[in-house]
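First the proteins, then the strands, lettered A, B, ... as listed; each starts at 1.
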There are 2 protein chains.
Amino acid sequence: MKRTDKKSVRRKGGAVTIDEVAALAKVSPMTVSRVINGHSKVRDTTREKVMAAVNKLGYVPNAAASSLAAAQDARIALIYTDPSGAYLRELLMGTLHGAARSAAQLVIADWDELGVGTERKAARALARKVAGVILPPPLCESKTVIDELVKAGVHVVAIAAGRFDPDISSVRIDDFLAGKEITSYLIKMGHTRIACIKGNPSQSASTRRFEGYQAALKEAGIPLDTALVRQGYFTYRSGLPVAEELLALRKPPTAIFAGNDDMAAAAVSVAHRRGIDVPRDLSVVGFDDSSAATTIWPELTTIRQPILAMADAAIDILLRAIRRKESEPRVVVHQVAAHQLVLRDSVAPPHTASGKKS
Amino acid sequence: MKRTDKKSVRRKGGAVTIDEVAALAKVSPMTVSRVINGHSKVRDTTREKVMAAVNKLGYVPNAAASSLAAAQDARIALIYTDPSGAYLRELLMGTLHGAARSAAQLVIADWDELGVGTERKAARALARKVAGVILPPPLCESKTVIDELVKAGVHVVAIAAGRFDPDISSVRIDDFLAGKEITSYLIKMGHTRIACIKGNPSQSASTRRFEGYQAALKEAGIPLDTALVRQGYFTYRSGLPVAEELLALRKPPTAIFAGNDDMAAAAVSVAHRRGIDVPRDLSVVGFDDSSAATTIWPELTTIRQPILAMADAAIDILLRAIRRKESEPRVVVHQVAAHQLVLRDSVAPPHTASGKKS
DNA sequence: ATGAAAGCGCTAACAA
DNA sequence: TTGTTAGCGCTTTCAT
């Protein structure tokens, strides 16, 4: 006679509880719980009764209560270092979606704020707060960060890393293949003087993409012209001077493959300022399909990373790891998501190929 | 003898609980709770004892348990409609920060996905899930949306709305003043032919900003030239054709005030394509200080909205409203945050003013 | 397939 | 100022 009592004094909002649903459906709260959580051992007729009651009452489970009871405090953190890039924001949205879908609680944290002291301290602090961590670049490239995290007992999954650390799970695209694919596309369009603006050398994705670029050239029998290869840092600003150099060359490239969209946008901007039309006089391609790709004119041909799906996958991996009993062996998963070549307006056949000046 | 028992069977991770802290500090769990939550009625010596135990054990409160116990299931939703704009992403980050700070659980939802049926249904569904809603534009301009939400019993705060609905709380900047300020700045730099690209007419912030523009002109005794006023829609794309028109004028403007950064970026892009140097031949200013402002070259002089602080404020207002007893009267708060004129590289004195062609 | 009992870790209310 | 009691709403375990 404890639960069926009148509403307790400490109840606040008029939220519907599992007991009310149970009462209406004339079953035990336990059965309602089973229905809600999709357990199999429930008779269909019972399930229907319960669902009817749930809908009638507009019952929504109390997340706090269930995670408390289930001891499944599935809190996951997304740790970033450099909140600038358009890329991070996409990732954030994706993770948020995935977390909502899985009833995981997402914590967003800045590694630098976390690690006021040493990295070890930061890792420990984090370990107390969450059970799993999603690590985007460049954090996921840092062996020390990963080690501390793992040592602190947190489950970790690297997202969008160029190479994968065998110790931790990862979700990524094949940067090499993608880089090769988009370069080959440029070649197919008739380009042979294709420049490359590499991304931040400290992130291995940059290297993978560049290797893809080289492979495509090689496959087409085009010798690598080092004069056409420049170093950028994934930022818009870093793309400006190198694009400037490239376009000031006596024999400028007819196409530029930038390591990401931000640098590609910089190249387009520089081209425009020099009176070079994109794509007529210069083709430009980016990488990531971040918001920068469509926030310029012409919109960029680029490689899309399926961030949303990748974030979802990362969360799934984490959740599975967290819920695994301690007796079961630890499992490391490496997942490669399919990228996609997105054709937009920043590419055309090279000017010289289609005839003299129009 | 219930709590001091050996660890219960159902405990999962080795998480430290309040009871262990209490035991170590030789006080009751309640006292620990009070220390943790910063209640005043705790003797300093006791507080220190407790804090020592907390630190020694590395105790971190279990959020699920406390919100369950305190019945403070403060779930707040951020509802958006148009996830495109750079602006929304900033807001998202801000809200996330604020939510973390206040231990509120944040739910991010797309209004359109919510409202598969009518708006009324969407509002009802939302009301079951959360206690409060943060409404950015353009949703916060919709009287019906607000009404349904309020009717459904959710607390609502509009963020960054141009005008304020007297029925609901709001956090915003003074768009009129900001628009006037940045226009005046242009005037002070010597510009007199200042064009304006207005934002989406369905969002009142556009109007406020435009009114600010007019006020600044008037104050300076510059007659409003309607040929220099164009309609945009806050998107990059929408800025392209109108910027084109503006710069194709026989007497083109020497400066453009765009209703937001995206449209300003479009104006810069168009200018570059026409061989017009920014800022030498044309000054451009934006509004919002979104990522678009610094993702182009030259970086935009613009108005910064303190989104982070605004999001924080919105969450505070919501939380206070939610926690207010039902007996207390409902309070509507209107908060105006201080904007800031951010000077960057997209503005210079008009070319003609500093002499003939260089 | 379903139910009863016993908490998960914390805090509001009241007592001391 | 501090402790005691009684849950918050749910799910685990173990019966039935």
Study note, to complete from the structure: For B:S169, the side chain to side chain donor-acceptor pair (under 3.5 Å) test, sequence neighbours excluded, returns none
**Study point:** Partners meeting side chain to side chain donor-acceptor pair (under 3.5 Å) with B:T46 (sequence neighbours left out)
**Key:** none
Polar atom pairs between nucleotides 1-4 of chain D and protein, under 3.5 Å, N or O only, would you list them?
from  : atom 1 : to    : atom 2 : distance (Å)
D:dT2 : OP1    : B:T46 : OG1    : 2.4
D:dT2 : OP2    : B:R43 : N      : 2.8
D:dT2 : OP2    : B:T46 : OG1    : 3.4
D:dG3 : OP2    : B:S28 : N      : 2.9
D:dG3 : OP2    : B:S28 : OG     : 3.1
D:dG3 : OP2    : B:T31 : OG1    : 2.6
D:dG3 : N7     : B:R34 : NH2    : 2.7
D:dG3 : O6     : B:R34 : NH2    : 3.4

Point to revise | d(CD, B:E20; C1', C:dC10) in whole Å | key: 14 Å
Exercise for review: Kindly say if A:T17 contacts the phosphate of D:dG9, meaning a side-chain N or O under 4.0 Å from OP1 or OP2.
Suggested key: no
Revision key, fill the gap. From CD1 of B:I18 across to C1' of C:dT11 the rounded distance in Å is 8 Å
Study note, to complete from the structure: From CG of A:L68 across to P of C:dG7 the rounded distance in Å is 14 Å
Exercise for review: Provide the closest heavy-atom pair for A:W111 versus A:T81 in the form atom of the first, atom of the second, distance.
Suggested key: CB-CG2, 4.2 Å
**Study point:** Value in whole Å for how far the P atom of C:dC10 lies from CG of B:N37
**Key:** 10 Å
Exercise for review: Please name all residues satisfying side chain to side chain contact (heavy atoms under 4.5 Å, CB included) with B:R34, sequence neighbours left out, ordered by chain then number.
Suggested key: B:M30, B:H39, B:V42
Review point. For A:P306, which residues count as a side chain to side chain contact (heavy atoms under 4.5 Å, CB included) partner, sequence neighbours excluded?
Key: A:I173, A:A309, A:M310, A:A337
Revision key, fill the gap. B:K143 meets the salt bridge (charged side-chain N to carboxylate O under 4.0 Å, His left out) criterion, sequence neighbours left out, with B:D147, B:D165, B:D167
Review point. For DNA chain C, what dot-bracket results from Watson-Crick or G-U pairs at under 3.5 Å, with [ ] for crossers and | for inter-strand partners?
Key: ||||||||||||||||
Point to revise | For atom CD1 of A:I36 and atom P of D:dG9, their distance in whole Å | key: 15 Å
Point to revise | For A:H334, all residues meeting side chain to side chain donor-acceptor pair (under 3.5 Å), sequence neighbours excluded | key: A:S170
Check your understanding: Looking at residues at least two apart in the chain, or sitting in another chain, which of them share a side chain to side chain contact (heavy atoms under 4.5 Å, CB included) with B:K151?
Key -> B:R120, B:E148
Exercise for review: Take the protein atom CG of A:D19 and the nucleotide atom P of D:dC10, then report the distance between them rounded to whole Å.
Suggested key: 7 Å
